[in-house]
Amino acid sequence: MEFALKLRKAAEAAAKRVIWKTTTRARDESPDRWQRTDLLARRVFPENFDAAFLTSSLPKEEYWDASHFRAPMYNKLNAALLRRRRTCKHAGASVKT
């Protein structure tokens with residue numbers, strides 16, 4: 001936990017706004033492994049972009065291999081992150097998703 005708090009403090013010193021992007025889910029991973037991977041960061045960072053949730057139920061056709069998506073999926077994730085940056089406010093404010 002201490003390392004995660006130091007990471008948050010360093011990130012906030014470097015940028016006006018920090019959004020933690022979760023790990024995307026690999027094709028054949030268990031349904032909850034991606035949740036455990038980012039559990040600490042989800043508690044430490046006030047804003048999270050939940051790429052894991054967005055990729056949790058993709059069909060195999062969306063993957064290039066077991067760990068990487070085809071190009072259109074990356075475009076969709078980038079567009080979703082940009083929408084998130086426009087609509088969410090920093091910690092303490094209301095969040096629109």
Side-chain angles (χ1 to χ4, degrees):
M1 179 71 135
E2 183 180 336
F3 175 76
L5 291 171
K6 286 181 182 180
L7 180 62
R8 176 182 169 181
K9 185 175 180 178
E12 288 175 339
K16 290 180 182 180
R17 183 174 174 196
V18 177
I19 301 173
W20 180 266
K21 178 190 166 285
T22 63
T23 306
T24 54
R25 185 171 176 231
R27 182 176 62 204
D28 297 322
E29 250 178 5
S30 67
D32 63 341
R33 181 165 185 249
W34 53 268
Q35 291 174 327
R36 293 190 312 266
T37 302
D38 291 302
L39 188 60
L40 178 59
R42 289 172 190 264
R43 290 195 315 248
V44 171
F45 287 84
E47 281 191 76
N48 295 279
F49 175 68
D50 201 345
F53 176 77
L54 294 175
T55 58
S56 65
S57 61
L58 292 177
K60 288 186 176 187
E61 295 78 28
E62 292 284 348
Y63 288 86
W64 179 261
D65 61 20
S67 300
H68 301 93
F69 305 111
R70 297 193 179 278
M73 191 63 229
Y74 287 111
N75 292 341
K76 291 175 187 176
L77 285 170
N78 289 337
L81 178 58
L82 290 173
R83 282 191 305 274
R84 170 83 184 205
R85 290 188 63 215
R86 280 195 317 251
T87 59
C88 292
K89 304 297 180 195
H90 195 57
S94 62
V95 177
K96 298 177 184 175
T97 54

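Quick caveat: nothing in here was measured; it's all calculated off a predicted structure.
The CD atom of Glu62 sits 10.5 Å away from atom OG1 of Thr55, with the distance rounded to the nearest 0.5 Å. Separation of atoms CD (Glu61) and CE (Met73) is listed at 13.5 Å; rounding is to 0.5 Å. Between the CZ atom of Phe49 and the CG atom of Leu54 there is a distance of 5.0 Å, given to the nearest 0.5 Å.
Checked by atom type and distance alone, the side chain of Asp38 never pairs as donor or acceptor with a backbone atom of Ala41 at under 3.5 Å. Without hydrogens or angle criteria, Arg84 side chain to Asp50 main chain gives no donor-acceptor distance under 3.5 Å.
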Worksheet entry | side chain to side chain contact (heavy atoms under 4.5 Å, CB included) evaluation trace for Arg8 with Val18 | CA-CA 8 Å; Arg8 176 182 169 181; Val18 177; over 6 Å; no
Handout entry: side chain to side chain contact (heavy atoms under 4.5 Å, CB included) assessment of Tyr74 paired with His68
Key = CA-CA 9 Å; Tyr74 287 111; His68 301 93; 3.8 Å; yes
Does the pair Phe45 and Leu7 meet the rule for a side chain to side chain contact (heavy atoms under 4.5 Å, CB included), with working shown? CA-CA 9 Å; Phe45 287 84; Leu7 180 62; 4.1 Å; yes
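Put simply, the side chain of Trp20 does not reach to within 4.5 Å of the side chain of Val44, judged on heavy atoms. Using a 4.5 Å cut-off on side-chain heavy atoms (C-beta onward), Phe53 and Thr22 make no contact.
Ring geometry for Tyr63 against Phe69 counts as tilted: the plane angle lies between 30° and 60°, on a 0 to 90° scale.
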